[in-house]
2 protein chains.
Amino acid sequence: MASIKDVAAEAGLSVATVSRVLNDHPSVSEEARTRVLAAVATLGYRPNAVARSLRTDQTRTLGLVISDVLNPYFTELARSVEEEARALGYSVIIGNADERPDLQDHHVRTLLDRRIDGLLVSPTDGGSPLMLDAARGGTPMVFVDRWIRGVDVPVVRADGQSAVQDLVAHLHGLGHRRLAIIAGPAATTTGRERVDAFRAALAAYGIPLPDAYTGQGDFQAESGRRVTEGFLDLPEPPEVVFAADNLMALGALDAIRARGLRVPDDIALAAFDDIPWFVHTDPPITAVAQPTGALGRAAVRALVDRIEGRTPRSVTLPARLVVRRSCGEPPATNRSKP
Amino acid sequence: MASIKDVAAEAGLSVATVSRVLNDHPSVSEEARTRVLAAVATLGYRPNAVARSLRTDQTRTLGLVISDVLNPYFTELARSVEEEARALGYSVIIGNADERPDLQDHHVRTLLDRRIDGLLVSPTDGGSPLMLDAARGGTPMVFVDRWIRGVDVPVVRADGQSAVQDLVAHLHGLGHRRLAIIAGPAATTTGRERVDAFRAALAAYGIPLPDAYTGQGDFQAESGRRVTEGFLDLPEPPEVVFAADNLMALGALDAIRARGLRVPDDIALAAFDDIPWFVHTDPPITAVAQPTGALGRAAVRALVDRIEGRTPRSVTLPARLVVRRSCGEPPATNRSKP
DNA sequence: ATCGCCTGTGTAATCGATTCCACGAGGAGG
DNA sequence: CCTCCTCGTGGAATCGATTACACAGGCGAT
């Protein structure tokens, strides 16, 4: 593969001049410019990003470590992150943690070794020493969706509190009183916050959230199934199951289906994180929708601000409730066929 | 960030010796080894992958350019690719083409600039000059899922022919005679092959595939909706719609639903590419399932073979039919409630 | 005519690693 | 005792870019 020296030789100029043309430095003669450009074209030369990064100490690359690529929420997030980064002149390298702290660490480490300019993380756990050190050590970093307390890192996330209130109001209005939740891992902020928001919203109606009605999941489908089976085995099973993410909702649906029960007639189901597929499930699932694209874009902007020396700001965007049929009577607009 | 020089100074040795310890070169004294390791630990030193790549001319990184991250098929593929690559000591950088040739080129170009060791591509089109040049120019490359004719690049893909035959047999057995297909872009191999396989399978039953029953889609949901509306507007609409990918099947389902029609009673639906969500749609969708994980792993192995000087082999794995309820009477095993 | 400045160019240092080559010490064999 | 190896180590070149610095030539001002 041709290097800058080959181009210089071909153009009959020094590598310095070639470099200047390529980085359009002002003081280059028109003559030199055309000669270099011609040489570049005939050789099919492309600058070596590795060498350039070594010299300039910047890679124009962002790392994104997400918890689970198979979760449509995160893939949409990844897509919007890449889009915004590209618009700002950066590339993105995605690392998938699969909800495993060890894998998360693996990706953070290799990303750091590659000297990425900044890191976007949706932490799977409370934060390994590695990640904490990186954050404190000055690596530009922004948390997205999930975050870690006690580190001075901007957070870009959605606030589901009012949407969860709306959900509980909706459920209460439908006559449901025994409401259960499948929680996410307590090590994640989203795992805890969603339960807290749910409990608070229930409290407003004087409804308690007993331990038996809070199951511990891990944001994966299988745990949703397991927890839901536990709920159904209870002497007095809940009337509603609220899953703290879409994958666990899917598992819950499986478990309910396996018992020959029907949604919403026998038991209602709702989920946090809306995804396109929820429109097409049987029945369509009521969900709290995050502004995923906006989240990804805001996170990139915050990170790039940090990288380029501006002061990044944390951002919190509201989530909203999308009512479908999985909790009972359809919303008025859909009632063409009662 | 500490460099190898700092480690050398801390250990009171030369950079050469430090480097040898780090790459466990045989001729290093035990004494030197422990001193270096101690220095590495106190400084928290991590080798700079950029510098190392520049010197060794290898990045231990694979590029993966996929057509659409939002398609669960491709995200599963990406996951298995990353997994196998990691097992073999490589990292993966994913580029999402969003079914756009210009974006595909953008990603190929930046991956090449980064001097990745090899490229895995599922081409969105017939192949841009850039990609063709790279292939011919000696960049290790393997096509996965889709491929391009006339280039000497190994292909790892699934053969859907017999599964499509099974599908047509299933449909024919259910009494369907007017079968339509939503094709993928003619510029992609999968776009063409799936139509060809379908037409061939129909021919075996003496059923033609008229032009009116072959709609042109682009592998995205919206095109599935549009084409299906066209089918439904026909004086004699088809009894079955077969979508050449899962996203277009989703669009088709939308269009059918919007007319107030029911699947499978009013019209049957089947799809190429099975995904977990198809179990939960209303009704569950009959689909041709690819061995996605195996495909990703085989592709990585072929690419790494090529990179490390062995001779890579093309691989074709069989797809299989998964019958659910979207085409009519459920399979016998599921018939608990007739 | 001289000075200084501006423009365009080249030489060489530099980034952080790897690795070839040279060298000194020590041991084995004659 | 001398020679020859082997082993462990360090010096320095190298990868492909960027960029500080030096410098030559031209031009305007004095």
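Computed from heavy atoms alone, side chains included, the values below leave out hydrogens, waters and symmetry copies. Here is how names work: the chains are called A, B, and so on, in the same order as the sequence lines, proteins then strands, and each is numbered from 1. Keep in mind that this is a model prediction, so the values were computed, not measured.
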Once side chain to side chain contact (heavy atoms under 4.5 Å, CB included) is applied, do any residues pair with A2(A), and if so which ones, sequence neighbours excluded? D6(A), L43(A), Y45(A)

Sequence neighbours left out, what passes salt bridge (Lys or Arg N to Asp or Glu O under 4.0 Å) with R146(A)? Give chain and number order. E99(A)

Could you tell me the separation between the CG atom of L54(B) and the C1' atom of dG16(D), rounded to a whole number of Å? 6 Å

Is the base of dT18(C) touched by the side chain of R52(B) through a donor-acceptor pair closer than 3.5 angstrom? no

Below 3.5 Å, can you tabulate the donor-acceptor pairs from side chains in residues 296-305 of chain B to any protein atom, sequence neighbours excluded?
{"unit_1": "R301(B)", "atom_1": "NH1", "unit_2": "E84(B)", "atom_2": "OE2", "d": "3.4"}
{"unit_1": "D305(B)", "atom_1": "OD1", "unit_2": "R310(B)", "atom_2": "NE", "d": "2.8"}
{"unit_1": "D305(B)", "atom_1": "OD1", "unit_2": "R310(B)", "atom_2": "NH2", "d": "3.1"}

Looking at five pairs on each end of the helix from dA1(C)-dT30(D) to dG30(C)-dC1(D), what is the angle between the two axes, given to 10 degrees? 60°

Would you mind classifying the nucleic acid contact of N23(A) as base, sugar-phosphate or nothing, using non-hydrogen atoms under 4.0 angstrom? sugar-phosphate

With sequence neighbours left out, write down each residue that passes side chain to side chain donor-acceptor pair (under 3.5 Å) with R46(A), or none if nothing qualifies. D113(B)

Salt bridge (Lys or Arg N to Asp or Glu O under 4.0 Å) involving D102(A) - partner list, sequence neighbours excluded: R100(A)

Please name all residues satisfying salt bridge (Lys or Arg N to Asp or Glu O under 4.0 Å) with R313(A), sequence neighbours left out, ordered by chain then number. none

Whole-Å distance between dG16(C) P and R114(A) CZ? 18 Å

Say whether Y73(A) and D68(A), considering side chains only, have a donor N or O and an acceptor N or O under 3.5 Å apart. no

Salt bridge (Lys or Arg N to Asp or Glu O under 4.0 Å) pairs touching residues 117-144 of chain B, sequence neighbours excluded, are none

Within residues 11-21 of chain B, the residues having a heavy atom closer than 4.0 Å to DNA chain D are L13(B), S14(B), A16(B), T17(B), R20(B)

Which ones in residues 25-40 of chain A lie close to DNA chain D, meaning a heavy atom under 4.0 Å from one of its atoms? none

Using salt bridge (Lys or Arg N to Asp or Glu O under 4.0 Å) as the criterion, list what pairs up with R114(A), not counting sequence neighbours. none

In whole angstrom, what separates R55(B)'s CZ from dA13(D)'s P? 13 Å

Given the options L22(B), V36(B), V18(B), V21(B), V28(B) meets side chain to side chain contact (heavy atoms under 4.5 Å, CB included) only with V21(B)

dA17(D) P sits how many Å from K5(A) NZ, rounded? 9 Å

Take the protein atom CZ of R115(A) and the nucleotide atom C1' of dC15(C), then report the distance between them rounded to whole Å. 12 Å

With sequence neighbours left out, write down each residue that passes side chain to side chain donor-acceptor pair (under 3.5 Å) with N23(A), or none if nothing qualifies. S19(A)

Look at the side chain of T56(B) and decide which nucleotide, out of dA13(C), dT18(C), dG16(C), has an atom nearest to it. dT18(C)

